Amino acid sequence: MIQTLNVALGERSYPIHIGCGILSDAGLITPHLKQKKVVVVTNTTVAPLYLAALQGALEQAGVAALPVILPDGEQYKTWETLNQIFDALLGSHSERGTTLIALGGGVIGDMGGFAAACYQRGMPFIQMPTTLLSQVDSSVGGKTAINHPLGKNMIGAFYQPRLVVADLSTLDTLPDRELKAGMAEVIKYGLIRDPEFFSWLEANVDRLMGRDKTALAYAVARSCANKAEVVAADERESGERALLNLGHTFGHAIETGLGYGEWLHGEAVAAGTLIAAELSLRLGWLDDKALQRVEGIFARVGLPVTGPRLGVACYLELMSHDKKVVDGKLRLVLLQSIGRAVVSEAASDQLIGAAIEARCT
Ligand code: NAD
Ligand code: GLY
């Protein structure tokens with residue numbers, strides 16, 4: 001069964017298809033192509049697993065599919081790797097009507113999307129996410145980027161895909177550590193705006209970690225529904241969309257501070273969410289019981305509930321590059337309760353430092 005959701009953005013609206021075995025259903029893709037030619041951007045891990053199935057299905061449908069196989073890892077989300085995509089696009093005489101398909105996790109999706117936004121000032125783009133994290137978050141909403149040594153995802157563009165195809169069967173080959181990391185972004189939706197989903201997650205976390213397909217299908221679809229609603233209301237993050245960054249300001253500091261790829265994005269977001277929850281408690285917004293529920297669900301998944309000890313000054317310096325900084329003032333996503341988040345300037349550096357001290361070991 002295929003579930004289909006819609007990201008409502010006027011003439012740039014697009015469907016998200018979620019189902020098992022749909023990667024090789026070329027009929028989902030061909031109606032969105034302008035030309036019978038696509039470039040498939042993927043990496044050295046995903047290519048041996050899924051490229052042949054996708055390429056074969058497209059070729060059977062009369063579509064030429066040129067692969068671009070990049071090195072795997074967050075540390076390769078750089079200008080140099082991006083240039084490899086441009087080299088392949090130019091080398092293959094790709095045109096403005098050629099579609100770029102990103103086949104892989106969030107790193108491939110973010111880089112493929114940014115390349116598509118830039119090539120000839122914009123070529124059509126399709127997301128085929130193959131990690132839990134990319135199926136529930138990064139493939140939807142049009143944020144694309146590469147990293148800079150001074151800050152994560154600092155160079156990028158808003159550029160929406162034409163289509164998202166999330167094949168749940170690809171999660172069968174995902175390492176456990178990556179499945180856990182994806183759960184950080186799933187839990188996020190419960191925490192920021194969907195308390196019922198948070199309770200469902202508490203009741204079903206073992207099924208999800210056991211890769212029960214029915215539970216995964218529900219969690220992916222509910223996450224995408226939440227994300228699609230937020231993006232439709234605030235595409236370019238002038239308000240509500242910032243809430244999707246719960247835990248990310250601290251998390252990005254952890255990723256940049258330790259060196260990209262040391263901690264997975266979802267692991268850093270999990271620890272960052274606990275620091276944000278600790279700060280919310282210290283502001284008198286979240287009570288002890290709620291903080292324990294937040295810690296409890298991340299611990300049950302097997303995600304970190306404390307951050308690395310980089311030092312408060314180092315965290316604050318790294319966090320000063322956050323995209324939510326306005327006029328030099330850091331704004332953080334904090335929790336008023338489970339299911340209700342706000343963007344706030346209420347916390348002083350001293351209080352932020354105390355929460356970091358308490359939550360980083
Ligand atoms: P990732 O892309 O690095 O993928 C994780 C690992 O799993 C990689 O080694 C990858 O090759 C491998 N892999 C992918 N699919 C597989 C499969 N089916 N079977 C086996 N291995 C597979 O990491 P991720 O967690 O998917 O994404 C993290 C990235 O997403 C970060 O760079 C983060 O900044 C970005 N992100 C972007 C947004 C957005 O809105 N654009 C949102 C959240 C995160
Ligand atoms: N992951 C944050 C966003 O898409 O806005």
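Just so it is clear, the model here is predicted, and its values are computed rather than measured. Atoms within a ligand are numbered from 1 in the order they appear, just like the ligands themselves.
- Other residues, nucleotides and ligands contribute over 12 non-hydrogen atoms within 6.0 Å of the OH atom of Y14.
- Side-chain N or O atoms of N147 include none that pairs as donor or acceptor with a backbone N or O of K152 at under 3.5 Å.
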Where does ligand 1 get N/O contacts under 3.5 Å from the protein, atom by atom?
{"residue": "ligand 1", "atom": "2 (O)", "partner": "G106", "partner atom": "N", "Å": "3.0"}
{"residue": "ligand 1", "atom": "2 (O)", "partner": "V107", "partner atom": "N", "Å": "3.0"}
{"residue": "ligand 1", "atom": "9 (O)", "partner": "D72", "partner atom": "OD1", "Å": "3.1"}
{"residue": "ligand 1", "atom": "9 (O)", "partner": "D72", "partner atom": "OD2", "Å": "2.7"}
{"residue": "ligand 1", "atom": "11 (O)", "partner": "N43", "partner atom": "ND2", "Å": "3.0"}
{"residue": "ligand 1", "atom": "11 (O)", "partner": "D72", "partner atom": "OD1", "Å": "3.1"}
{"residue": "ligand 1", "atom": "11 (O)", "partner": "D72", "partner atom": "OD2", "Å": "2.9"}
{"residue": "ligand 1", "atom": "15 (N)", "partner": "T130", "partner atom": "O", "Å": "3.3"}
{"residue": "ligand 1", "atom": "15 (N)", "partner": "T130", "partner atom": "OG1", "Å": "2.7"}
{"residue": "ligand 1", "atom": "18 (N)", "partner": "T130", "partner atom": "O", "Å": "2.9"}
{"residue": "ligand 1", "atom": "18 (N)", "partner": "T170", "partner atom": "O", "Å": "2.9"}
{"residue": "ligand 1", "atom": "18 (N)", "partner": "T173", "partner atom": "OG1", "Å": "3.4"}
{"residue": "ligand 1", "atom": "19 (N)", "partner": "T173", "partner atom": "O", "Å": "3.3"}
{"residue": "ligand 1", "atom": "19 (N)", "partner": "T173", "partner atom": "OG1", "Å": "2.7"}
{"residue": "ligand 1", "atom": "26 (O)", "partner": "G106", "partner atom": "N", "Å": "2.8"}
{"residue": "ligand 1", "atom": "26 (O)", "partner": "T131", "partner atom": "OG1", "Å": "2.6"}
{"residue": "ligand 1", "atom": "27 (O)", "partner": "G106", "partner atom": "N", "Å": "3.2"}
{"residue": "ligand 1", "atom": "32 (O)", "partner": "E74", "partner atom": "OE1", "Å": "2.7"}
{"residue": "ligand 1", "atom": "32 (O)", "partner": "E74", "partner atom": "OE2", "Å": "3.1"}
{"residue": "ligand 1", "atom": "32 (O)", "partner": "K77", "partner atom": "NZ", "Å": "2.7"}
{"residue": "ligand 1", "atom": "32 (O)", "partner": "K152", "partner atom": "NZ", "Å": "3.2"}
{"residue": "ligand 1", "atom": "34 (O)", "partner": "K77", "partner atom": "NZ", "Å": "3.2"}
{"residue": "ligand 1", "atom": "34 (O)", "partner": "K152", "partner atom": "NZ", "Å": "2.8"}
{"residue": "ligand 1", "atom": "34 (O)", "partner": "N153", "partner atom": "ND2", "Å": "3.2"}
{"residue": "ligand 1", "atom": "40 (O)", "partner": "K227", "partner atom": "NZ", "Å": "3.4"}
{"residue": "ligand 1", "atom": "41 (N)", "partner": "D110", "partner atom": "OD1", "Å": "2.9"}
{"residue": "ligand 1", "atom": "41 (N)", "partner": "K143", "partner atom": "O", "Å": "2.9"}

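- Between W79 and F114, the ring planes are tilted. Angles from 30° to 60° get that label.
- Ligand 2 has at least one atom lying under 4.0 Å from a heavy atom of K227.
- Nearest protein heavy-atom neighbour of atom 5 (O) of ligand 2: R241 NE, 2.7 Å.
- Remark: K323 engages no residue in a salt bridge (Lys or Arg N to Asp or Glu O under 4.0 Å) (not counting sequence neighbours).
- Proximity to N245 (heavy-atom distance under 4.0 Å) selects the following atoms of ligand 2: 2 (C).
- Under the salt bridge (Lys or Arg N to Asp or Glu O under 4.0 Å) criterion, D137 pairs with K188, K227, sequence neighbours left out.
- In this structure, L58 is a member of the same hydrophobic cluster as V46, with clusters built from ILVMFWY side-chain heavy atoms closer than 4.5 Å.
- Taking any N or O of H248, backbone or side chain, none lies under 3.5 Å from an N or O belonging to ligand 2.
- A side-chain donor-acceptor contact under 3.5 Å links D167 to the backbone of S169.
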Which atom pairs, donor and acceptor, lie under 3.5 Å between side-chain atoms of residues 301-315 and protein residues at least two apart or in another chain?
{"residue": "T306", "atom": "OG1", "partner": "T361", "partner atom": "OG1", "Å": "3.2"}
{"residue": "R309", "atom": "NH1", "partner": "C360", "partner atom": "O", "Å": "2.4"}
{"residue": "R309", "atom": "NH2", "partner": "E357", "partner atom": "OE1", "Å": "2.8"}
{"residue": "Y315", "atom": "OH", "partner": "P308", "partner atom": "O", "Å": "2.8"}

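- The closest protein non-hydrogen atom to atom 1 (N) of ligand 2 is D137 OD1, 3.3 Å.
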